[in-house]
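What follows is a single structure, written as structure tokens, with notes after it.
Sequence positions, counted from 1, serve as the residue numbers for this chain.
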Amino acid sequence: MMRSSPPLRNGEIPPPPPHPRIPTNSPPPPHFQSTVSVQKLKRFNSLILIFRVATFIFSLSSFVFMATNSRGGPNSPQWYDFDAFRFVLAAGAIVAVYSLFEMVASVWEITRGATLFPEIFQVWFDFGHDQVFAYLLLSAGSAGTALARRLKDTDTCTAASAFCLQSDISVALGFAGFLFLGLSSLLTGFRVVCFIIIGSRFHL
């Protein structure tokens with residue numbers, strides 16, 4: 001039987017009710033991500049994937065155009081006769097392979113919701129390699145452009161205009177690959193900044 005409290009006198013303040021006891025071993029409330037935040041993350045990763053695909057297409061095309069830039073005549077110019085054109089071909093091949101790997105990693109992240117490697121390694125790997133390979137494409141394109149200009153001042157492009165034209169196309173495709181790889185590096189740089197500030201690759 002519950003004991004009733006004694007009647008209050010004039011001016012007395014009633015005692016506060018007892019606080020309910022909170023169990024100390026109660027689990028923390030679950031963390032829910034809003035649908036809007038998840039959709040933003042998917043759009044962000046999809047944009048990176050688009051840039052990866054564009055980089056792959058242009059760098060691979062640059063490689064193919066340069067690798068097939070050979071004429072059958074014994075005195076005809078060949079791409080492997082020039083160091084700058086060999087540089088353009090090698091840069092296109094390396095970036096194409098790298099972009100193919102990054103495309104797989106992006107598809108994995110979009111479909112699985114997690115990075116292919118541990119998150120801290122993935123964000124730094126993507127950003128660091130984007131910077132290195134973008135500089136590689138830029139250097140190869142600059143070297144190829146300088147050589148193409150010199151060849152136009154000689155009889156090489158007069159006798160083999162198709163060779164010079166195909167070389168110009170290969171160099172231009174390499175610059176296009178550099179553009180999209182540079183855009184990718186901006187987004188991967190944003191992921192690095194988010195990871196440093198909040199400990200996650202994207203601010204949800």
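Although no hydrogens or angles enter the test, the distance criterion places no donor-acceptor pair under 3.5 Å between the side chain of Gln131 and the main chain of Ser185. Here the side chain of Ser62 pairs no donor or acceptor atom with the backbone of Phe58 at under 3.5 angstrom. Listed for the Thr55 side chain is a donor-acceptor partner under 3.5 Å among the backbone atoms of Leu181. Side chain of Ser170 to backbone of Gln166: no donor-acceptor contact under 3.5 angstrom is found.
Taking the six-membered ring for Trp and thresholds of 30 and 60 degrees, His129 and Phe125 have ring planes inclined between 30 and 60 degrees apart. Between Phe127 and Trp124, the ring planes lie perpendicular to each other; the angle is over 60°, past the 30° to 60° tilted range.
Taken to the nearest 0.5 Å, the CG atom of Asp126 stands 9.5 Å off from the CG atom of Leu116. Note that CZ of Phe133 and OG of Ser184 are 13.0 Å apart. Values are rounded to the nearest 0.5 Å. Residue Lys40 holds its NZ atom at 14.0 Å from CG of Asn45, rounded to the nearest 0.5 Å. Summarising the geometry, atom CD1 belonging to Ile48 is positioned 10.0 Å from atom CZ belonging to Phe190; distances are rounded to the nearest 0.5 Å.
Residue Gly174 comes nearest to Leu137 through the heavy atom pair O-CD1, 4.1 Å, listed as atom of the first residue, atom of the second, then distance. Nearest heavy-atom pair, Ala140 versus Val88, reported as atom, atom and distance to 0.1 Å: O-CG2, 3.3 Å. In terms of heavy atoms, Trp79 sits closest to Ser70 at CD1-OG, 3.4 Å. Phe82 and Pro77 get closest at one heavy-atom pair: CE1-CB, 4.3 Å. Across all non-hydrogen atoms, the minimal contact from Gly144 to Phe85 is O-CE2, 4.0 Å. Scanning all heavy atoms of the two residues, the minimum distance from Ser61 to Leu173 falls at CB-CD1, 3.6 Å.
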Exercise. May I have the step-by-step check of side chain to side chain contact (heavy atoms under 4.5 Å, CB included) for Arg150 and Asp153, ending in yes or no?
Key: CA-CA 5 Å; Arg150 289 199 304 269; Asp153 296 333; 5.6 Å; no
Self-check item: Steps toward side chain to side chain contact (heavy atoms under 4.5 Å, CB included) verdict (Ile57, Phe180)
Solution: CA-CA 10 Å; Ile57 292 173; Phe180 285 102; over 6 Å; no
Quiz prompt | side chain to side chain contact (heavy atoms under 4.5 Å, CB included) between Arg52 and Asp130, intermediate numbers included | solution = CA-CA 10 Å; Arg52 299 295 188 197; Asp130 284 351; 2.7 Å; yes
Exercise. Evaluate side chain to side chain contact (heavy atoms under 4.5 Å, CB included) for Leu187 paired with Leu183, printing each intermediate quantity in order.
Key: CA-CA 7 Å; Leu187 298 183; Leu183 293 174; over 6 Å; no
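Here the side chains of Phe56 and Val95 are not in contact, with every heavy-atom distance at 4.5 Å or above.
For the side chain to side chain donor-acceptor pair (under 3.5 Å) condition, the pairs that include at least one residue of residues 99-108, sequence neighbours left out, are Tyr98-Glu102. Judged as a side chain to side chain donor-acceptor pair (under 3.5 Å), the pairs with a partner in residues 83-94 (not counting sequence neighbours) are, in order, Asp83-Arg86. Residue pairs that meet the disulfide (SG to SG under 2.5 Å) test with at least one member in residues 116-187, sequence neighbours left out, are Cys157-Cys164.
Using a 4.0 Å cut-off between charged side-chain N and carboxylate O, Arg191 and Glu109 make a salt bridge.
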